[in-house]
Asks: 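Please find one structure pasted underneath; my questions will follow.
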Amino acid sequence: MNFFSPAEVAKNYINTGKAKVNTPIPKMLILAILAGAFIAFGGVGATTVAVSVSEASLGKFLGACVFPGGLTMVLIAGSELFTGNCLLTIPLLERD
């Protein structure tokens, strides 16, 4: 198995951040709307599961198991969540 060194990880992170910053505004807007929809689907699914079970603690647990499906859809589709873009501070500071 081949692992990246910390310097290589930082370099890859900076390159990814620069690519995200250079994404055209219309594309970014569409990806943000899709991310919101996917998170909403996960939230509605989690709520539906949670209220469908009579045992409250089990309902909360099952809802918590369903919600990450929304995050998975965001990752698979390559959508843009605000929380993910908040981590772009290092590429911002590495202006070349």
Side-chain angles (χ1 to χ4, degrees):
M1 204 170 211
N2 197 7
F3 293 103
F4 291 117
S5 70
E8 292 171 326
V9 170
K11 184 179 176 184
N12 290 338
Y13 178 69
I14 290 167
N15 291 335
T16 301
K18 287 181 180 179
K20 279 188 168 198
V21 168
N22 293 323
T23 303
I25 298 294
K27 182 178 179 182
M28 182 68 73
L29 203 62
I30 291 170
L31 292 174
I33 291 168
L34 284 173
F38 295 147
I39 294 298
F41 289 147
V44 168
T47 303
T48 302
V49 168
V51 300
S52 298
V53 178
S54 61
E55 182 68 34
S57 58
L58 180 61
K60 287 183 181 184
F61 175 74
L62 293 175
C65 290
V66 170
F67 181 75
L71 294 172
T72 303
M73 289 188 283
V74 169
L75 289 174
I76 290 172
S79 301
E80 295 290 336
L81 280 176
F82 174 76
T83 52
N85 290 335
C86 287
L87 297 174
L88 293 176
T89 54
I90 293 174
L92 178 68
L93 296 174
E94 284 288 325
R95 294 183 186 183
D96 290 334

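Quick note: residue numbers are just sequence positions, from 1.
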Asks: Provide the closest heavy-atom pair for Val49 versus Gly63 in the form atom of the first, atom of the second, distance.
Replies: CG1-N, 4.0 Å
Asks: How close do Met73 and Phe41 get, heavy atom to heavy atom, and via which atoms?
Replies: CE-CB, 3.8 Å
Asks: Closest approach of Ile39 and Phe67, non-hydrogen atoms and distance?
Replies: O-CE1, 3.9 Å
Asks: Roughly how far apart are Glu80 CD and Leu34 CG, rounded to 0.5 Å?
Replies: 11.0 Å
Asks: Honestly curious: do Val66 and Phe61 fall in one hydrophobic cluster under the side-chain, below-4.5 Å linking rule?
Replies: yes
Asks: So which heavy atom on Phe38 is nearest to which on Ser79, and how close?
Replies: CE1-OG, 3.5 Å
Asks: So if I apply the side-chain contact (heavy atoms from CB on, under 4.5 Å) rule between Lys27 and each of Leu29, Ile30, Ile25, Leu31, which one comes out positive?
Replies: Leu31
Asks: For Thr47 and Val44, indicate whether the former's side chain and the latter's backbone hold a donor-acceptor pair under 3.5 Å.
Replies: no
